[in-house]
Q: 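Sharing a structure, written as structure tokens. Questions coming.
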Amino acid sequence: MKQLLIATHNQGKVAEFREMLPDFEIKSAADFDLPEPEETQDTFAGNAILKARAAMEATGLPCLADDSGLTIDALDGAPGIYSARWAQTPNGRDFMVAMNAVNEKLDGVKGDETAHFIAVLALLKPDGTQQIFEGRASGHLSWPPRGEKGFGYDPIFIPEGHDITFAEMEPSEKHAMSHRAKAVAKFVEYLKTNG
Ligand code: IMP
């Protein structure tokens, strides 16, 4: 089985990648005790490349990194690349804090605010090859947060054509339509022709 290192410490993401890429032995940054590089770029792609490069240089393995987030149209795309940082507290990440920040900045979520989850994957191989794959899931916000499944902002996001949040869906249902699933589908398509 081919090894692929997913350059993330987020166990929610690792679990999703394992489910979506059953033909790979998925390793995570935590398996190698890799430090989390500071995300200094101002685009999802820039940060994904930065994370994949750091992991590849440390392990010599082909690395896939994902940078993702929620962009809210009424907030000019925020939190965007700062999605994880909005959850930062002195005791670690707390997404209730991040969702409350969204609610406050919108002066109370009304329930019709359009939003998009975006995922950008960067694949870096030891031979220097670099590829980018992007996926997007559009929908609208909902308040109060609902559902116990998923992670991050899932409890306040209702995807287009549905009336339940990502956090209320079965993981398989979310994975059939999520931003990450769409980016992964492009990655899998690429693998078919490029091994
Ligand atoms: P990063 O890609 O690790 O820098 O962080 C992305 C952040 O965006 C996550 O910590 C979540 O807050 C948010 N995010 C990305 N994808 C999802 C998702 O599928 N559901 C909920 N939140 C997500």
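FYI, side chains are in, hydrogens and waters are out, and symmetry mates aren't considered; it's all heavy atoms of this structure.
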Q: Is there a chain of hydrophobic side chains (I, L, V, M, F, W, Y, each step under 4.5 Å between heavy atoms) that links Val97 to Met99?
A: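 Shared cluster, no.
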Q: Using the rule that two of Ile, Leu, Val, Met, Phe, Trp, Tyr join whenever any of their side-chain heavy atoms come within less than 4.5 Å, decide whether Ile49 and Leu4 are in one cluster.
A: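 The answer is no; the residues belong to distinct hydrophobic clusters.
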Q: Tell me, do Glu39 and Asp67 make a side-chain contact under 4.5 Å, heavy atoms counted?
A: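 In contact.
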Q: So which of Asp31, Ile26, Asp66 actually passes side chain to side chain contact (heavy atoms under 4.5 Å, CB included) with Ile6?
A: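 Of all the options given, the one that passes is Ile26.
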Q: Quick check: is Met177 connected to Leu70 through a chain of hydrophobic side chains (ILVMFWY, heavy atoms under 4.5 Å apart)?
A: yes
Q: For Val102 and Trp143: C-alpha separation, side-chain torsions, deciding distance, then whether side chain to side chain contact (heavy atoms under 4.5 Å, CB included) applies.
A: CA-CA 10 Å; Val102 167; Trp143 197 264; 5.7 Å; no
Q: Show the nearest heavy-atom pair for residues Leu34 and Ala58, with the distance to one decimal.
A: CD2-CB, 3.6 Å
Q: Within the structure provided, determine whether Phe157 and Thr165 are in side-chain contact (heavy-atom separation under 4.5 Å).
A: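 They are not in contact (no side-chain heavy atoms under 4.5 Å apart), so the answer is no.
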Q: Where is the tightest heavy-atom contact between His179 and Ala119, given as atom of each residue plus distance?
A: CD2-CB, 3.7 Å
Q: I'd like to know if the side chain of Lys110 and the backbone of Gly108 have a donor-acceptor N/O pair within less than 3.5 Å.
A: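 Confirmed, Lys110 side chain pairs with Gly108 backbone.
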Q: So, taking the atom named OG1 in Thr89 and the one named CE in Met96, what distance separates them when rounded to the nearest 0.5 Å?
A: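 So the gap between those two atoms works out to 13.5 Å.
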Q: Would one find more than 12 heavy atoms of other residues, nucleotides or ligands at under 6.0 Å from atom OH of Tyr82?
A: no
Q: How about Gln11 and Ser28: do any of their side-chain heavy atoms sit closer than 4.5 Å?
A: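 When only atoms from C-beta onward are counted, Ser28 and Gln11 do touch, with a gap below 4.5 Å.
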Q: Distance check, rounded to the nearest 0.5 Å: Leu191 atom CG versus Leu21 atom CG?
A: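 Reported to 0.5 Å precision, the distance equals 8.0 Å.
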Q: Run the side chain to side chain contact (heavy atoms under 4.5 Å, CB included) check on His140 and Asp112 step by step: do they pass?
A: CA-CA 6 Å; His140 65 273; Asp112 59 356; 5.9 Å; no
Q: Can a salt bridge be assigned to the pair Asp154 and Lys149 using a cut-off of 4.0 Å between side-chain N and carboxylate O?
A: no
Q: Taking all atoms of both residues into account, what is the closest heavy-atom pair of Ala137 and Lys182, and its distance?
A: CA-NZ, 4.1 Å
Q: Tell me the closest heavy-atom pair linking Ser83 and Gly69, and the distance in Å.
A: OG-CA, 3.3 Å
Q: Hey, does Phe187 have a side-chain heavy atom less than 4.5 Å from the side chain of Gln131?
A: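 The answer is no; the side chains never approach within 4.5 Å.
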Q: Return the NZ to OG1 distance between Lys51 and Thr8, rounded to the nearest 0.5 Å.
A: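 Lys51 NZ to Thr8 OG1: 6.0 Å, rounded to 0.5 Å.
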Q: Given side chains that start at C-beta, do those of Leu141 and Leu106 come closer than 4.5 Å, heavy atoms only?
A: yes
Q: With a 3.5 Å distance limit and no angle check, can you tell me whether Thr114 reaches the backbone of Asp73 through a side-chain donor-acceptor pair?
A: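 No.
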Q: Are the side chains of Arg180 and Phe117 in contact, using a 4.5 Å heavy-atom criterion?
A: no
Q: Side-chain contact test, heavy atoms from C-beta onward, threshold under 4.5 Å: evaluate it for Ile81 versus Phe44 and give yes or no.
A: yes
Q: On a heavy-atom basis, which atom in Pro126 and which in Met56 lie closest, and how many Å separate them?
A: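 The pair with the smallest heavy-atom distance is N-SD, 3.6 Å.
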Q: Testing the basics here: between Leu5 and Ala55, what is the closest heavy-atom pair and its distance to 0.1 Å?
A: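 Result for this residue pair: CD2-CB, 3.9 Å.
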Q: Side chains of Thr129 and Asp127: is there a donor and an acceptor less than 3.5 Å apart?
A: yes
Q: Are side-chain heavy atoms of Lys2 and Asp23 found at a separation under 4.5 Å?
A: no
Q: Using the side chain to side chain contact (heavy atoms under 4.5 Å, CB included) rule, take Gln88 and Arg93 through it: C-alpha gap first, then chi angles, then the decisive distance, then the call.
A: CA-CA 4 Å; Gln88 206 58 54; Arg93 286 182 190 151; 3.3 Å; yes
Q: If I take atom CD from residue Glu134 and atom CD1 from residue Ile118, how far apart are they, to the nearest 0.5 angstrom?
A: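 Spacing of CD (Glu134) from CD1 (Ile118) equals 6.0 Å.
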Q: Is it true that Val188 and Val120 fall in one hydrophobic cluster, defined by side-chain heavy atoms closer than 4.5 Å?
A: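 In one cluster with Val188: Val120, no.
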Q: Should the pair Lys186-Glu189 be classified as a salt bridge under the 4.0 Å nitrogen-to-oxygen rule?
A: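 Judged by the 4.0 Å cut-off on N to carboxylate O distance, Lys186 and Glu189 do not form a salt bridge.
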Q: Roughly how far, to the nearest 0.5 Å, is CG of Asp94 from CG of Asn100?
A: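 Spacing of CG (Asn100) from CG (Asp94) equals 8.5 Å.
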Q: Going hydrophobic residue to hydrophobic residue with side-chain gaps under 4.5 angstrom, can you get from Met20 over to Leu121?
A: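 Met20 clusters together with Leu121.
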Q: Using the side chain to side chain contact (heavy atoms under 4.5 Å, CB included) rule, take Arg146 and Ile158 through it: C-alpha gap first, then chi angles, then the decisive distance, then the call.
A: CA-CA 10 Å; Arg146 294 194 328 237; Ile158 297 184; 4.1 Å; yes
Q: So how far is it from Gln3 CD to Cys63 SG, rounded to the nearest 0.5 Å?
A: 10.5 Å
